[in-house]
Amino acid sequence: MPVITLPDGSQKEFPEAVTGLAIAESIGPSLAKAAIAITVNGNQKDLSDPISEDSKVSIITIDSDEGLEIMRHTLTAQVLASAVKNLYPDTKLAIGPTIDDGFYYDFEFQKPISSDELEPIEKEMKKIVSTGSSITKTLNSKSKAIEVFKVADEPYKESIINDADQEDDFQLYHQDDSEFVDLCRGPHLPSLKHIGPFKLTKIAGAYWKGDSKNKMLTRIYGTAWKDGKDLKLYLQRLEEAEQRDHRRLGQQMDLFHLQDEAVGAVFWHPRGWALYQTLIDYMRTKQELAGYEEVNTPELMDRRLWEASGHWETFGENMFTSRTEDERIWAIKPMNCPGHVQIFKKGLRSYRELPLRIAEFGKVHRYEPSGALHGLMRVRAFTQDDAHIFCTQDQITAETGAVCSLLLSIYRDMGFENIIIKFADRPERRVGTDDVWDQAEDALKQAMNSLGLDYSYNPGEGAFYGPKIEFVLRDAIGRDWQCGTLQVDLNLPGRLGATYVGEDGNRHTPVLLHRAIFGSLERFIGILLEHFTGNLPFWLAPTQVVVATITSDANEYAYEVVEQLKNSGLRTEIDLRNEKINYKVREHSLLKTPVLIALGKREIEDRTVSIRRLGKKGQEIVLLTDAISILAKQSQTHS
RNA sequence: GCCGGUGUAGCUCAGUCGGUAGAGCAACGCAUUCGUAAUGCGUGGGUCGGCGGUUCGAUUCCGUCCACCGGCACCA
């Protein structure tokens, strides 16, 4: 006699075990029609699964995120997979999960296919969907499930079952009128009638089980929505994201370029470099206030230093080196930490000097794999706002807290509200003993917990010398990039021989905190550009003000206005070209200059300026003296 | 690094089923002095990513390398 409690608190009692479908029917026929699955005590189940115990049940329809995901899941596992099998019968099936906004399926094709083949596959999928077949499932023992896929010659499915912990209840889903069978965790739609509009989007390679030692499979991506309106909105969103691409904006705004002779290294144009320097100036001020001292260390150092640190062993293949006539091998620094440790080691350090915070805008080079390169986000030469804090065990919590609050205040100034924080613990390849790792991870975890910040775990993704916190920001099309980082390192100071004299008169090894806030200036600028679609806040804009003349009679006055703006510290350009004001407005708008000052006869006579702000219609006429003070003040405001 | 795609003027792109290429914008020149997102006319500009092959002839076909794009793997 199961008693079913619905989300509104109402209860229904059934004489015997009952299915989700029957519950939906008991509520109403339209719900029964719309129902695609149920949640039983928090777990998603098929509509056909019987419930015999008292349970909390909610009906899932496609209008919820859960429902949408189930639809996408059914679409990939039942429709995409069987369409591909129909067209390419000797293809092997791997896995087909859902992702944000869609789904993918990994296949092993006997012959590689190209993106031209997405269209016929999509057509075949539509044919399958149009049958409206109902979907049923069977529960199977491990041996039975293995048998099914042995017969079907699906080695990947077989291996998934073999690797599974369970012995029973392997769910196999079938469609009416089709021989297609797939192994799936479910739940699935009760029938293909619930499939919404979809589109296959791209094709790519992907390693089996995400391991580059394994075979590369072919992954087909798609998107699906509950109705045509949502699909259209999604495609629109993609198009808009294209406009926000920092590579496109970099070109349009004349900030930087990349070229073949310097793969992965940026040619910064004057406007881009102005932004770069503005960020550095800002960070320098912030760090100074937070008790950091700025240093500079060599870009080339003997390889023995990198051998000692462990970098040579772990990342040697990704380091640029240079050999000189005297047969010495130098590494172009991929990190600043060994250099900072040298500064710490120079002279005898006392515990009284701790925490010692050393910062550097250090340009590093890393030979990143060619396939990883991506605009400004992933480059081979970049500058870090790097700092190393030498401290005692007791100081870890306070220093970690100080780093986090500094970072958060800076991200807030930059306009970022949604920051993803991840805790990455010991990787497989690492230096140091497990004892030391336990200590470092505990210390970092405790410090984070005491701050009350929400974070998720990123297991095995720490640095080779210590666990790390990743501060992740998202780009225009939803890709995540690590920007800030904080790492607790109990290994490198010892390996590089750093010590200080403690209160007890003995030598101790300091704790080393590595931290970066922007991370890479290059990447951070890429993220900033995408975040603001190039419309940077006034204080960051490469050119803050353009003074444009309407007729050449205003040239003299324009020079005067520009001089005053520049004297107030505003990045200002002058545009005296013999062009119409419309033309100038358009051009400077495309360059995303926040303020355009137009000068004509009226302004000369009244000693005023006409201020036009980017994205605003119309203009304000203000006295020159007022304009200067308004803009200068605005430039000091970080928001 | 791996899979798939792409590479034509400074930029955005069209085109040649093998007979050495075209538009718009930009640049330059002339005219125009204009009131808030493109003034008009004219001129110049390309080893069709690099190298090799097939061919009477290759930007086009084939091979290879490089770079870029989308993923995967990697990211100190």
Side-chain angles (χ1 to χ4, degrees), chain A residues 104 106 109 112-118 201-221 245 247-248 251-252 254 257-261 263-264 306 309-319 333-338 364 366-375 377-378 384 427 429-431 461-466 468 470 477 479 481-482 485 487 489 492 514 519-520 523 548-555 578-590 596-603 610-619 621:
Chain A
Y104 66 77
D106 286 350
F109 286 90
I113 68 162
S114 79
S115 47
D116 297 342
E117 285 156 271
L118 291 181
T201 48
K202 58 197 173 194
I203 192 162
Y207 298 105
W208 168 236
K209 288 186 175 168
D211 189 335
S212 61
K213 289 196 279 293
N214 291 339
K215 189 162 202 155
M216 179 157 277
L217 307 175
T218 302
R219 177 170 294 179
I220 296 178
Y221 285 91
D245 189 311
R247 294 163 296 187
R248 184 192 182 102
Q251 161 94 320
Q252 187 185 330
D254 191 18
H257 83 268
L258 300 157
Q259 68 183 50
D260 291 3
E261 286 78 3
V263 178
W306 305 100
S309 70
H311 286 91
W312 192 266
E313 158 111 34
T314 318
F315 288 107
E317 287 180 1
N318 303 305
M319 283 163 69
K333 69 177 175 183
M335 290 193 79
N336 303 299
C337 31
V364 296
R366 300 177 180 177
Y367 187 75
E368 302 285 8
S370 58
L373 300 175
H374 182 90
M377 303 297 196
R378 193 78 185 272
Q384 295 178 314
R429 268 188 101 177
R430 58 178 182 265
V431 296
E461 296 295 320
F464 73 85
Y465 47 74
K468 79 176 170 183
E470 302 173 348
I477 61 170
R479 289 180 290 214
W481 299 94
Q482 179 194 306
T485 183
Q487 299 153 11
D489 180 359
L492 291 193
H514 305 240
S520 141
R523 176 178 292 180
T549 49
I550 293 168
T551 79
S552 53
D553 295 339
N555 287 3
N578 178 15
E579 296 288 354
K580 286 187 166 186
I581 192 66
N582 284 295
Y583 181 89
K584 296 184 182 182
V585 165
R586 177 181 155 79
E587 198 160 273
H588 297 297
S589 297
L590 289 173
L596 181 106
I597 288 181
L599 302 177
K601 289 200 184 76
R602 298 202 288 267
E603 286 76 16
S610 159
I611 296 179
R612 183 197 166 91
R613 288 180 187 269
L614 182 61
K616 297 249 165 64
K617 287 216 169 86
Q619 46 274 342
I621 312 293

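Each chain gets a letter, A, B and so on, in the order its sequence line appears, and its residues count up from 1.
For B:G1, the OP1/OP2 oxygens have a side-chain nitrogen or oxygen of A:S370 closer than 4.0 Å. When the side-chain nitrogen and oxygen atoms of A:H374 are compared with OP1 and OP2 of B:C75, none of them lie within a distance under 4.0 Å. For the pair A:R247 and B:G70, the criterion of a side-chain N or O lying under 4.0 Å from OP1 or OP2 is met. Contact check, A:R219 against B:G4: no side-chain N or O comes under 4.0 Å of OP1 or OP2.
A heavy-atom distance below 4.5 Å is found between the side chains of A:Q482 and A:K468. The closest side-chain heavy-atom distance from A:T485 to A:Q384 is not below 4.5 Å.
One interatomic measurement links the two molecules: CD1 of A:I113 to P of B:G5, which rounds to 10 Å at whole-angstrom precision. Atom CD in A:E117 sits about 17 Å away from atom P in B:C3, given to the nearest Å. In this structure, A:D260 places its CG atom 11 Å from P of B:G50, rounding to the nearest Å. Atom C1' of nucleotide B:A73 and atom CG of A:L373 are separated by 14 Å, given to the nearest angstrom. Going from atom CZ of A:R378 over to atom P of B:C72 covers 13 Å, rounded to whole Å. The NE2-P distance, from A:H257 to B:U12, rounds to 13 Å in whole Å. Atom CD in A:E261 sits about 10 Å away from atom C1' in B:C66, given to the nearest Å.
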**Request:** For each nucleotide in nucleotides 37-42 of chain B, reading 5' to 3', give B when a protein heavy atom comes within less than 4.0 Å of its base, S when such contact involves only the sugar-phosphate, and - otherwise.
**Result:** BBB---

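Side-chain contact, A:R612 with A:H588: no donor N or O sits under 3.5 Å from an acceptor N or O.
Shown here, B:U43 forms a base pair with B:A27; the pair counts as Watson-Crick or G-U wobble because both key distances fall under 3.5 Å. When both pairing distances are held under 3.5 Å, B:G70 makes a Watson-Crick or G-U pair with B:C3.
Mapping A:P112 and A:Q251 onto RNA chain B by nearest heavy atom places A:P112 closer to the 5' end of the strand. Mapping A:N318 and A:R479 onto RNA chain B by nearest heavy atom places A:R479 closer to the 5' end of the strand.
Closest to the side chain of A:P369, out of B:C2, B:A73, B:U33, is B:A73. When distances are taken from the side chain of A:K601 to each of B:G35, B:C74, B:C2, the shortest belongs to B:G35. Closest to the side chain of A:Y221, out of B:G35, B:C72, B:C74, is B:C72.
Side-chain N/O atoms of A:T549 and base N/O atoms of B:U33 include no donor-acceptor pair closer than 3.5 Å. A donor N or O paired with an acceptor N or O is not found under 3.5 Å between the base of B:G1 and the side-chain atoms of A:Y367.
Using a 4.0 Å heavy-atom cutoff across all strands shown, A:Y465 reaches sugar-phosphate atoms only and no base atom.
Using a cut-off of 4.0 Å between Lys/Arg side-chain N and Asp/Glu carboxylate O, A:K209 and A:D211 are scored as not salt-bridged.
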